[in-house]
2 protein chains.
Amino acid sequence: MDRLPTIEDVARAAQVSRQTVSNVLNTPAIVKPETRKRVEVAIRKLAYRPHASARRLRMRKSSTIAIRLDPMTNGISGALLDRFLHALTEQADARGIRILLFTAADPAAEIEQIRKLRAGADVDAFVLTATFHGDPRTEWLVEHDVPFVTFGRPWGVNDMNNPKHLWVDVDGFAGMREATLHLIDAGSSRIGFVGWPSLSGTGDDRRRGWQAAVEERLFPGDGDLAALNLSVEDLLEDARDAVVALLESDERIDGLVCASDTLALGAMIAAASVGRSDLPIIGFDNSPVGQAIGLSSVDQALDEVARGALELLLGETGGDLVRRDAAAAGDTRHRLITPHLVIRQPLRLLAPDAVSIPTATKNAVGNHRNGKESQ
Amino acid sequence: MDRLPTIEDVARAAQVSRQTVSNVLNTPAIVKPETRKRVEVAIRKLAYRPHASARRLRMRKSSTIAIRLDPMTNGISGALLDRFLHALTEQADARGIRILLFTAADPAAEIEQIRKLRAGADVDAFVLTATFHGDPRTEWLVEHDVPFVTFGRPWGVNDMNNPKHLWVDVDGFAGMREATLHLIDAGSSRIGFVGWPSLSGTGDDRRRGWQAAVEERLFPGDGDLAALNLSVEDLLEDARDAVVALLESDERIDGLVCASDTLALGAMIAAASVGRSDLPIIGFDNSPVGQAIGLSSVDQALDEVARGALELLLGETGGDLVRRDAAAAGDTRHRLITPHLVIRQPLRLLAPDAVSIPTATKNAVGNHRNGKESQ
DNA sequence: ACTCAGGATTTGAACGATCAAATTTTTGAA
DNA sequence: TTCAAAAATTTGATCGTTCAAATCCTGAGT
């Protein structure tokens with residue numbers, strides 16, 4: 001046999017009709033156990049699997065979700081999408097859903113790609129990442145009634161309550177607050193925050209988490225919060241320079257929390273270069289680089305994000321049916337995932353007054369492969 | 001109209017038959033220009049796109065290539081697959097091919113996944129990454145006559161000439177040799193190599209590149225090569241410790257080339273910690289982290305790798321037909337891509353005897369966004 | 001005017017599955 | 001034993017496209 005076996009081949013082999021074979025596969029309950037057995041044997045013997053395209057054509061759904069592969073590798077946290085993709089693919093596989101990739105240089109191109117994929121009935125739904133304020137993509141999708149979910153909440157006030165806009169996001173506020181509280185519990189009493197210019201909703205959210213923890217436990221004086229609050233682009237150098245300046249201007253600082261691992265790494269370098277290698281620093285993203293270098297960080301729990309996204313799109317039960325009407329999608333239209341703090345023993349970039357690393361220090365260095373989570 | 005337009009709708013709108021519309025799309029040459037115009041207008045007006053599943057069913061091919069998303073984020077170079085995936089998706093899109101993802105914990109599970117995808121006629125061909133010696137996957141694929149291409153050459157001698165095994169790889173030898181020659185041209189005369197234990201073909205290949213350059217230009221003495229040749233796991237810490245030891249035991253070392261950016265970063269830290277921040281170091285992979293930190297590195301030219309992979313699978317012309325018989329796939333069964341050295345101004349981890357970074361140094365720090373390639 | 005080649009277009013069948021309805025078999029109670 | 005209801009199975013139609021063959025034009029040659 002030079003072609004793949006069809007349902008007809010199985011039917012012949014099991015002495016039943018097409019439909020019975022189909023039933024064994026889709027609604028086994030309604031077929032007599034005896035015949036079912038026979039069919040199952042035939043299926044195994046022929047190594048039969050239903051032809052995906054044929055099934056999709058008949059069912060009028062593709063059981064495929066598309067996601068855009070971000071063109072920019074966001075510096076150090078670049079692997080974020082990578083890990084999310086992995087989690088998404090795994091979760092989707094468990095539900096019999098496939099993940100399809102596409103690329104686009106800008107939002108307009110992405111919309112065009114979505115239109116094409118959609119018109120070709122290639123995919124049922126889309127997962128969008130890196131949403132931003134006034135995102136034209138979500139607008140278009142809602143307008144054209146295309147099922148989608150975003151990783152990242154809509155920051156516009158209007159969109160927030162649009163029942164057609166499903167979203168999953170990580171609770172940056174909670175994550176940063178936990179990180180800050182951890183430092184306070186460990187003895188820090190003057191903690192700085194390194195974040196981004198307040199254009200991004202994500203950055204502001206994380207900043208507020210730091211601020212909340214500081215206010216509820218450290219009772220900062222007038223102007224303290226402003227003095228401890230840095231805003232720089234997500235670049236290693238910028239963070240390093242800003243943190244060097246901060247540490248030199250304020251000797252009492254005994255802890256730093258950062259809006260990203262990139263910033264945190266910059267901060268580590270800065271701390272080391274002003275002789276403060278001991279300064280506790282916590283980042284955000286739990287990036288591979290952070291892991292390699294022993295950086296404590298807030299982990300985004302991407303598998304939970306992925307699961308949440310699929311649940312919103314497909315329903316809790318995991319059926320392979322995409323629900324068009326948001327009303328059927330369960331109670332909520334969104335998920336806010338609480339991230340978890342991962343504490344690590346930092347790898348000292350260098351001991352300030354030792355030319356080589358003393359054995360004692362060396363042994364104290366934690367292995368990045370068993371960073372344990374707090375709480 | 002609540003359903004997507006079909007070819008029949010277009011036919012009606014253009015006053016022609018199904019088949020004529022089909023011809024306009026697939027073999028426009030055989031349809032009279034006048035009618036063609038009319039059909040094209042109708043297509044545009046209805047925003048029609050052929051139903052992908054229907055077409056695939058009829059054509060008996062899926063125009064889809066699957067690739068496994070690697071479960072392990074390989075430390076710092078993790079984004080490698082990420083970038084390859086992006087390049088692959090872009091190249092595939094240009095040829096009307098879709099990229100499908102799947103995951104698997106181990107080779108056996110991967111084979112099972114491939115079997116399923118294949119049996120469901122879901123995909124036409126596979127791209128394999130991270131091949132290794134005696135890889136059971138390639139064996140299985142060859143055995144079952146499934147079209148595939150590997151990113152990574154087959155290291156077994158037998159497989160090397162198997163005409164069914166198409167592969168693309170990066171010429172690690174050439175890359176490492178170029179990096180070493182670059183250091184020599186810049187004045188280095190005693191260059192160490194930091195690589196992996198010689199189990200991996202890839203690592204050995206890169207090591208030989210260093211060795212070749214050193215032998216042809218620096219005429220090393222007896223035992224020199226062995227003394228300058230480090231082998232450690234691909235871990236920051238291991239690399240750091242090994243390099244610290246090397247630098248302390250041999251003061252004359254004035255350059256390092258490394259088999260990965262992870263190792264190179266470890267080496268940078270080591271160099272800084274023994275007061276040799278100035279030591280020129282070149283890595284391999286051109287990872288985002290390396291970019292952020294100003295690490296010179298050998299770039300794998302992943303878009304060329306992706307293009308090569310698709311060319312081998314689909315033929316140069318870019319038609320959307322997967323050729324089963326390797327004989328038709330052109331002259332060669334493989335591509336060896338020459339990587340390019342990217343030189344950057346390193347970000348000083350810290351100036352050994354300055355507690356803060358002097359302005360002069362600061363200005364000399366290169367911006368990672370415009371690293372320029374050599375040659 | 002008539003034929004014939006050739007191009008242009010249309011029609012019927014198929015791809016492999018599921019749905020809806022029809023048919024056959026089994027069950028259970030009168 | 002009989003018959004209706006329920007369960008199990010089968011048959012015909014359909015999803016939207018392309019292939020293969022049939023049909024319809026068009027214009028040149030006699």
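So that the names make sense, note that chain A is the first sequence line, chain B the second, and so on, each numbered from 1.
- Mapping heavy-atom proximity under 4.0 Å, the span of DNA chain C touched by chain A runs 5' to 3' from C/dG16 to C/dA20.
- In this structure, A/N23 atom CG and D/dA7 atom P are separated by 15 Å, rounded to whole Å.
- Residue B/Q15 is the one, among B/R60 and B/Q15, whose nearest nucleotide of DNA chain C lies closer to the 5' end (criterion: closest heavy atom).
- A salt bridge links A/K164 with A/D145: the closest approach of a Lys/Arg side-chain nitrogen to an acidic carboxylate oxygen falls below 4.0 angstrom.
- Residue-level contact check: B/T35 touches the backbone only, with heavy atoms under 4.0 Å from sugar-phosphate atoms and none from bases.
- Nearer to the 5' terminus of DNA chain C, by closest-nucleotide assignment, is the contact made by B/V16 (compared with the other of B/R58 and B/V16).
- The stretch residues 36-60 of chain A participates, sequence neighbours left out, in these salt bridge (charged side-chain N to carboxylate O under 4.0 Å, His left out) pairs: A/R56-B/D122.
- Look at B/S53 and you won't find any side-chain N or O under 4.0 angstrom from OP1 or OP2 of D/dC15.
- For the residue pair A/D135 and A/T131, no side-chain donor N or O sits within less than 3.5 Å of a side-chain acceptor on the partner.
- Residue pairs that meet the salt bridge (charged side-chain N to carboxylate O under 4.0 Å, His left out) test with at least one member in residues 104-114 of chain A, sequence neighbours left out, are A/R68-A/E110, A/E110-A/R137, A/E112-A/R115.
- In this structure, A/E34 atom CD and D/dA7 atom P are separated by 18 Å, rounded to whole Å.
- Looking only at side-chain heavy atoms (C-beta outward), A/R153 and A/L336 come within less than 4.5 Å of each other.
- Among the candidates A/T89, A/V127, A/L100, the single residue satisfying the side-chain contact (heavy atoms from CB on, under 4.5 Å) test with A/I65 is A/V127.
- B/T6 comes within 4.0 angstrom of the backbone, heavy atoms only, and of no base.
- Residues B/V168 and B/V149 are in side-chain contact: their nearest non-hydrogen atoms beyond the backbone lie under 4.5 Å apart.
- Aromatic ring pairs are classed by plane angle as parallel below 30°, tilted from 30° to 60° and perpendicular above 60°; the pair A/F102 and A/F126 is perpendicular.
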Could you list all N or O pairs between the protein and nucleotides 20-28 of chain D that sit under 3.5 Å apart?
none

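- Residue B/R56 is out of contact with every strand shown, counting any heavy-atom pair closer than 4.0 Å.
- Within the structure, salt bridge (charged side-chain N to carboxylate O under 4.0 Å, His left out) contacts touching residues 15-30 of chain B (residues at least two apart or in different chains) do not occur.
- A rotation axis mapping the C1' atoms of four pairs onto the next four is fitted at both ends of the helix from C/dA1-D/dT30 to C/dA30-D/dT1 over five pairs, and the angle between these axes is 60° to 10 degrees.
- Between B/S22 and D/dT18, a side-chain N or O to OP1/OP2 separation shorter than 4.0 Å is present.
- Close to D/dT18, at under 4.0 Å from its OP1 or OP2, lies a side-chain N or O of B/N26.
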